[in-house]
Amino acid sequence: MTICTILDSQIDQRKFGDDCTFNGYLEDYLNLEVDIDETLKEAFAGILNIDQDVKICVGLKDTVNKAAISNQIIRYKDVFKFEGKQLVYPYLLYTEKEGVERALLVVPYSAYSFIFAKGYYYCMTEPDGMFIDSKNEIVAISSNDPELIVKTFADSFDTRAGAVQRKLDHMFFKSYDELKEAALDCAKKMKEHVVVELAPIEERTPLIREYIIHWFLLKKVLYVQYMVNKSFLNDRHNGSIKKQRNQAKMNADEVSFMSFSDMWRIPFASE
């Protein structure tokens, strides 16, 4: 199925569905005066200005595929300790123009959010996932520049989605080694902050889930981004997929994190 067919079929809460929180025309969504940050509000308004028929799927839920090869190799079992669907894709804007269908995955901006956007994309398009046949129709972005988000949406209909994605990637990291450094730094900072953030909270499940998903996405990106690099296969590993896979696994293993059980054991400290 094409990306628009898949996303159109997701049933939102307004129709008593549980697939997502909203799925419909972007114009209707913005008219709800939803609580989104100013960057995204400006970006979405800009996209609507160039395409009145664009739709948006908000908070789409998805399941991490435990059988996917990257998930088996990185062995991050904590991500499977939650009931239901573990992943929530923040915003998916989608439409069709002259027979070309595209979806723009937008993740709210933060210091390392572009890495998370890449991770969500890799989860969406992994084997046996619902978007596996649509991987060339999706572009993932997170930026604090509304104009870049609008331009990326427009460019995705004029250029192959993969080419648009590679150009974006290069804007945020010049090399795999630079990406890896940022991902490991992000993981370290999350681990440093988690105790302070969780200590005053009694109902910790939502925040623990967020931390675990973000650590999982970091591991996912480090593994998959290394594996899709053909020059690494030839230049670093002499054409050996086994050696490349082993190095990709070791890269993902460098992501530091706090376990599910340890986060629950953090002593409660009332304010």
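Just so it is clear, the values below take in all heavy atoms, side chains as well, and ignore hydrogens, waters and symmetry mates. Note that the structure is a prediction, hence the values are computed from the model and not measured. The first residue of the sequence shown is numbered 1, and numbering continues consecutively from there.
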Measure the [atom1]-[atom2] distance between [X] and [Y] for me, rounded to the nearest 0.5 Å.
X      : Y      : atom1 : atom2 : answer
Phe173 : Ser175 : CZ    : OG    : 9.0 Å
Asn71  : Lys77  : CG    : NZ    : 13.5 Å
Gln247 : Asp253 : CD    : CG    : 10.0 Å
Leu168 : Ile149 : CG    : CD1   : 10.0 Å
Phe216 : Cys123 : CZ    : SG    : 4.5 Å
Leu92  : Gln10  : CG    : CD    : 9.5 Å

Backbone N/O of [Y] and side chain of [X]: donor-acceptor pair under 3.5 Å:
X      : Y      : result
Gln244 : Tyr226 : yes
Gln86  : Thr63  : no
Asp28  : Gly24  : no
His170 : Arg166 : no
Glu101 : Cys4   : yes
Arg14  : Asn23  : yes
Ser142 : Val107 : yes
Thr152 : Leu148 : yes
Lys219 : Trp215 : no
Thr159 : Ser156 : no

Could you report the tightest heavy-atom contact between [X] and [Y], atom names first, then the distance?
X      : Y      : value
Ile3   : Ser134 : N-OG, 3.6 Å
Tyr120 : Pro90  : CE1-CD, 4.1 Å
Ala161 : Asn136 : CB-O, 3.2 Å
Leu222 : Lys180 : CD2-CA, 3.5 Å
Pro108 : Ser113 : O-CB, 3.4 Å
Leu218 : Met190 : CD1-SD, 4.2 Å

Distance-only polar pair, side chains of [X] and [Y], donor-acceptor under 3.5 Å:
X      : Y      : answer
Gln13  : Thr21  : no
Tyr223 : Asn251 : no
Gln165 : Asp169 : yes
Ser231 : Asn229 : yes
Ser70  : Gln72  : no
Asp185 : Tyr112 : yes

Within a reach of under 6.0 Å around [atom1] of [X], are more than 12 heavy atoms found that belong to other residues, nucleotides or ligands?
X      : atom1 : result
Lys167 : NZ    : no
Gln52  : CD    : yes
Glu147 : CD    : no
Glu192 : CD    : yes
Arg236 : CZ    : yes
Lys151 : NZ    : no
Lys85  : NZ    : yes
Lys242 : NZ    : no

### Query
ring pair (Phe, Tyr, Trp, His ring centres under 6.0 Å): which pairs involve residues 55-78, sequence neighbours left out?
Tyr76-Phe257

### Task
Any pair with a residue in residues 27-59 that passes ring pair (Phe, Tyr, Trp, His ring centres under 6.0 Å), sequence neighbours left out, goes on the list, sorted by first then second residue, please.
Phe22-Tyr29, Phe44-Tyr91

Counting C-beta onward and ignoring hydrogens, is there a side-chain heavy-atom pair between [X] and [Y] closer than 4.5 Å?
X      : Y      : value
Tyr89  : Val106 : no
Ile56  : Tyr25  : no
Arg204 : Ile266 : yes
Ile73  : Arg245 : yes
Glu210 : Ile208 : no

### CA sep, side-chain torsions, deciding dist, call: Tyr94, Asp8, side-chain hydrogen bond (donor to acceptor under 3.5 Å, both in side chains)
CA-CA 9 Å; Tyr94 62 102; Asp8 265 331; 3.2 Å; yes

### Query
What do you reckon, are the aromatic ring centroids of His237 and Phe232 less than 6.0 Å apart?
no

### Task
Please check if the distance between the ring centroids of Phe260 and Phe82 is under 6.0 Å.
yes

### Task
Check step by step if side-chain hydrogen bond (donor to acceptor under 3.5 Å, both in side chains) holds for Lys243 and Asn238.
CA-CA 9 Å; Lys243 290 180 179 178; Asn238 298 315; over 6 Å; no

When you check the gap from the basic side-chain N to the acidic O, do [X] and [Y] get nearer than 4.0 Å?
X     : Y      : answer
Glu96 : Arg102 : no
Glu38 : Lys41  : yes
Asp12 : Lys15  : no
Asp19 : Lys61  : no

### Query
By salt bridge (Lys or Arg N to Asp or Glu O under 4.0 Å), which residues pair with Arg265, not counting sequence neighbours?
Asp262

### Query
Is NZ or CZ of Lys220 both nearer than 6.0 Å to the six-membered ring centre of Tyr122 and within 45° of the ring axis?
no

### Six-ring centre of Phe157, Lys97 cation under 6.0 angstrom, axis tolerance 45°
yes

Tell me whether [Y] is reachable from [X] by hopping between hydrophobic residues (I, L, V, M, F, W, Y) whose side-chain heavy atoms are closer than 4.5 Å.
X      : Y      : answer
Ile213 : Tyr109 : no
Ile69  : Val64  : yes
Val195 : Ile201 : yes
Val58  : Ile11  : no
Ile132 : Tyr121 : no

### Query
Which of these, Val88, Leu7, Leu105, sits in a side chain to side chain contact (heavy atoms under 4.5 Å, CB included) with Leu60?
Leu7

